[in-house]
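We count ligands from 1, going down the list as the structure has it; atoms in each ligand are counted the same way.
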Amino acid sequence: MAQRVLVVGASVGGATAATTLCAAGIETIMLERELVKAKPCGGAVPPAAFHEFDIPQHLIDRKIHNCLVVSPSDQQAHVPVAGSNPGTDDYVAMVRREIFDHFLRERAQERGATLIHGTLTGLQVHATGVEAVYQDPQGQEHRVQADVVIGADGAYSPTARLLGLAPPPRAVAIQERIALPPEQMARWEDTADLYLGHEVSPDLYAWAFPKRDHIAVGVGVGPAHTKGIKQCLENFKRRLGSALDGGKLLLREAHALPMDPRKHMAFDRVMLVGDAAGLVVHTSGEGIYWAMKSGEMAAQALAQHLDVPSAENLRTYEKQWWKHYGSMYTFLRFLQAWGYGNERQMEVFTEMCRNKDVQRLTFDSYMHKQMAPAPWKAQLGMTRDILVSQVRNYVWRRPSQRRNMLPVS
Ligand SMILES: Cc1cc2nc3c(=O)[nH]c(=O)nc-3n(C[C@H](O)[C@H](O)[C@H](O)COP(=O)(O)OP(=O)(O)OC[C@H]3O[C@@H](n4cnc5c(N)ncnc54)[C@H](O)[C@@H]3O)c2cc1C
């Protein structure tokens with residue numbers, strides 16, 4: 001039998017893994033349960049994704065060139081989207097996932113992957129291969145054999161669950177797509193908002209991301225606060241106030257986000273990528289680029305070891321991953337704990353967003369996935385500004401904006 005890989009989940013991570021496998025000449029099957037509805041998502045994508053994965057620009061709804069960061073006390077930081085070498089490539093792309101995912105899935109099929117519409121319900125790993133059971137949309141059960149399975153099936157990963165792996169801690173994010181009159185949309189022409197404060201998110205943030213024909217207004221909360229998430233969203237809409245006047249609700253959507261990477265992302269004949277591997281980064285909740293990158297890296301490692309797909313061989317993927325991105329994940333985890341830890345820290349975080357070196361470092365790492373250390377002068381300046389801001393906010397408490405907002409548990 002020719003060697004064959006089953007990819008469960010044909011969203012950003014799975015479709016990228018499948019495209020990479022096909023390029024290596026490997027027979028690839030994608031199994032996807034949902035071919036119409038979009039994955040709930042803010043749809044903010046860095047330019048690196050468009051370059052590295054050769055994605056056409058016409059999939060972009062808007063290019064964001066400015067961010068507005070608003071603290072609990074309504075301090076504002078206006079942050080231009082620009083890295084160390086400002087240029088036309090400095091932007092945050094806003095996409096709609098139904099369009100973006102559809103493109104990636106179709107491209108994987110064009111490159112040779114077979115797409116099956118069905119839901120994974122069973123998985124057995126044997127010494128000589130894997131057997132997956134799935135239900136088609138009519139409820140009929142089918143079986144498919146493969147040499148290796150890649151679980152690209154999201155935060156609840158049925159692949160990981162069927163293997164008996166414990167779930168990672170999960171945050172939850174909820175968002176509403178709201179159509180606004182053109183004069184209201186103009187406010188968000190090329191600007192995305194990020195709001196901080198206990199009532200809109202006790203430990204992450206709230207966002208307003210403009211799309212071609214609507215604004216996506218959402219909040220994310222950590223595992224300890226998921227029960228209060230609907231209240232957080234209501235509070236956020238109240239905080240946006242008249243900016244949403246005349247708005248028409250198009251869709252409300254919510255989903256989990258993994259908060260921690262898994263200890264292992266590869267096992268005998270099994271690999272996990274994207275949210276299934278827990279690869280969303282802290283601070284931003286960014287997961288699209290990381291799902292695509294891990295899909296590509298897993299597929300490349302698998303192509304090298306398909307003859308002997310043991311846990312030991314397949315773990316070259318996770319070794320490569322942590323070699324490239326370990327320090328960045330550690331830094332962003334620290335930044336989330338530090339910047340969103342309490343409302344005083346959120347004030348400090350907002351003030352730091354005004355620092356030019358912080359802006360440059362943030363956007364170099366977000367847009368181009370480069371983490372170069374700052375020159376020592378910049379490091380000294382940032383350290384001084386952080387200390388001054390810490391002292392100021394701990395000596396004097398700024399009043400939070402809690403007008404018309406209900407407390408969140
Ligand atoms: C509200 C919200 C906003 C977000 N905003 C952003 C953002 O602005 N930018 C960003 O970078 N990230 C954002 N994220 C995170 C991002 O959406 C995820 O990190 C990303 O989609 C992960 O991609 P993935 O391919 O690993 O998994 P997913 O995109 O979750 O895809 C998993 C796929 O597996 C399929 N599947 C699941 N179970 C089965 C089964 N049993 N059988 C067959 N198929 C199955 C699903 O249908 C799905 O297509 C957001 C997340 C949420 C919840």
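Salt-bridge formation is not detected for the pair R262/E318: no Lys NZ or Arg NE/NH1/NH2 atom is positioned less than 4.0 Å from an Asp or Glu carboxylate oxygen. Electrostatic pairing of E351 and R392 counts as a salt bridge here, judged by a charged N lying under 4.0 Å from a carboxylate O. Salt bridge annotation for E98-K211: absent, with no cationic side-chain nitrogen under 4.0 angstrom from a carboxylate oxygen. Using a 4.0 Å cut-off between charged nitrogen and carboxylate oxygen, E52 and K293 count as a salt-bridge pair.
Across Q175, M30, R33, heavy-atom proximity to atom 44 (N) of ligand 1 is greatest for R33. Nearest to atom 2 (C) of ligand 1 by heavy atom, out of A173, G278, A254, is A173.
For Y329 and W322, the distance between ring centers is under 6.0 angstrom.
Of all atoms in ligand 1, numbered sequentially from 1 with element shown, those under 4.0 Å from a heavy atom of G9 are 33 (C), 34 (O), 35 (C). If you number the atoms of ligand 1 from 1 as listed, the ones under 4.0 Å from a heavy atom of A291 come out as 22 (C), 23 (O), 24 (P), 25 (O), 26 (O). Taking a cut-off of under 4.0 Å to the non-hydrogen atoms of G285, the atoms of ligand 1 that pass are 12 (N), 13 (C), 14 (N), 15 (C). Within ligand 1, counting atoms from 1 as listed, the ones closer than 4.0 Å to a heavy atom of V280 are 19 (O). Annotation for ligand 1: atoms under 4.0 Å from non-hydrogen atoms of F209 are 8 (O). Using a 4.0 Å cut-off to heavy atoms of G13, the atoms of ligand 1 that qualify are 25 (O). If you number the atoms of ligand 1 from 1 as listed, the ones under 4.0 Å from a heavy atom of H255 come out as 53 (C).
Remark: distances from the non-hydrogen atoms of P40 to ligand 1 include one below 4.0 Å.
For the pairing with L115, the side chain to side chain contact (heavy atoms under 4.5 Å, CB included) check across L35, L31, T28 returns one residue only, L35.
Both tests do not hold together for R105 against F100: distance to the six-membered ring centre under 6.0 Å, angle to the ring axis within 45°. Judged by the 6.0 Å and 45° rule, K319 forms no cation-pi pair with Y317.
Closest protein heavy atom to atom 40 (C) of ligand 1: L120 N, 3.6 Å.
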